[in-house]
Amino acid sequence: MGRILRRDFYDRETEIVARELLGAVLECRTHDGLTSGVIIETEAYIGEHDAACHAAVGRTLRTEPLYGPPGNAYVYFIYGMHWCINAVTRAEGLPSAVLIRALEPLDGLPLMRRRRPKARSDRELTNGPGKLCAALGIDKRMNGLPLQRHPVVIRAGSPVKDSDVEITPRIGITQASDWPLRFLVRGNSFVSR
DNA sequence: TCGAAGATTGTCT
DNA sequence: GACAATCTTCGAG
């Protein structure tokens, strides 16, 4: 089992963190049990000048975690039914984060299948930001919590080679949608879309 | 107090 | 591929 990534891991350029989070393990422990998966797709959202970043509207109740210390979780509710989890990056005052878009399931598959009855294959368990939160049991309770202790932690995994990293524009957004800030593991079948 | 939009998903054609 | 579901958040009135 890999060691938990410390706060200074997140206190760097957001693109670097998004890149290096590939291959790391997201783990969630609730009263139902433990679930985890390897991070294979991320997106960087960088500061108030990034129109697609939630912080573009400034500091509000919702975006408050983005202004907190790096290494915390930012969990938000979208489209009236889905949760998405981000890892807050950079130093305090620079609101940026990395959205975790897809996982390759590792531990707790039976529990994930129970939480995602709509999934018709294990691939559909965690191949999207809303799906992986449902599979791991992540919701508002985890918003603003540090990622260095349970319920939610991120551990070091097997590093992904540069030649295996693919960079594309972010998807699912309408603002600044042409910036190449999406990072994914080439050839991994668990990526979203 | 009200209205509009949204970092998605699942279903139907 | 198109579109509905569903509700929180925020800014305007």
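Naming convention: chains lettered A, B, ... in sequence-line order (proteins, then strands); numbering from 1 in each chain.
The line from CD1 of A:Ile4 to CG of A:Leu147 is 10.0 Å long, rounded to the nearest 0.5 Å.
For the salt bridge (Lys or Arg N to Asp or Glu O under 4.0 Å) test, residues two or more places apart in sequence or in another chain that qualify with A:Arg186 are A:Glu166. Applying the side chain to side chain donor-acceptor pair (under 3.5 Å) criterion to A:Ser177, with sequence neighbours excluded, gives no partner residue. Qualifying salt bridge (Lys or Arg N to Asp or Glu O under 4.0 Å) partners for A:Asp32, counting only residues two or more places apart in sequence or in other chains: A:Arg115. Contacts of A:Arg59 classified as side chain to side chain donor-acceptor pair (under 3.5 Å), with partners at least two apart in sequence or in another chain: A:Glu64. Partners of A:Arg123 according to the side chain to side chain donor-acceptor pair (under 3.5 Å) rule, which considers only residues two or more places apart in sequence or in another chain, do not exist here.
At whole-Å resolution of the value, CG in A:Leu66 and C1' in B:dA7 are 12 Å apart. One can place CG of A:Leu125 at 15 Å from C1' of B:dG10, the figure rounded to the nearest angstrom. If you take CD1 of A:Ile138 and P of B:dA7, they are 19 Å apart, rounded to a whole angstrom. The distance from atom CD1 of A:Ile85 to atom P of B:dT8 is 15 Å, rounded to the nearest whole Å. Computed from coordinates, the A:Glu41 CD to B:dT8 P distance equals 10 Å when rounded to whole Å.
Stacking of A:Arg12 on the aromatic ring of A:Tyr10 is not recorded, the 6.0 Å distance cut-off and the 45° axial limit not both being met.
With a 3.5 Å limit on both pairing distances and Watson-Crick or G-U wobble geometry required, the stems of 3 or more pairs in DNA chain B span B:1-6 with C:7-12, B:8-12 with C:1-5.
Sorted by first and then second residue, the ring-ring contact (aromatic ring centres under 6.0 Å, His included) pairs with a member in residues 77-113 of chain A read A:Phe77-A:Trp83; sequence neighbours excluded. Among residues at least two apart or in separate chains, side-chain hydrogen bond (donor to acceptor under 3.5 Å, both in side chains) pairs with a member in residues 33-48 of chain A are A:Ser36-A:Asp107, A:Glu41-A:Arg101, A:Glu41-A:Arg182, A:Glu41-A:Ser192, A:Glu43-A:Tyr45, A:Glu48-A:Tyr67.
A heavy-atom distance below 4.0 Å to DNA chain B is reached by these residues of residues 106-123 of chain A, ordered by number: A:Arg116, A:Lys118. For the contact set between residues 164-193 of chain A and DNA chain B, defined by any heavy atom under 4.0 Å, the members are A:Gly172, A:Ile173, A:Thr174.
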Contacts under 3.5 angstrom, residues 21-29 of chain A side chains, donor-acceptor by atom type, not counting sequence neighbours:
from    : atom 1 : to       : atom 2 : distance (Å)
A:Glu27 : OE1    : A:Arg155 : NE     : 2.8
A:Glu27 : OE2    : A:His150 : NE2    : 2.8
A:Glu27 : OE2    : A:Arg155 : NH2    : 3.2

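Note on A:Glu13 versus A:Arg90: salt bridge recorded, some NZ/NE/NH1/NH2 to OD/OE distance being below 4.0 Å. Ion pair A:Asp50/A:Arg170 flagged as a salt bridge, since at least one NZ, NE, NH1 or NH2 atom sits closer than 4.0 Å to an Asp/Glu carboxylate oxygen.
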Summary of protein contacts for nucleotides 2-13 of chain C, nucleotide by nucleotide, where a base hit scores B, a sugar-phosphate-only hit scores S (4.0 Å, heavy atoms): ---BBBSSSS--

Derivation of the side chain to side chain contact (heavy atoms under 4.5 Å, CB included) call for A:Leu103 and A:Lys131: CA-CA 10 Å; A:Leu103 302 177; A:Lys131 296 177 187 176; over 6 Å; no

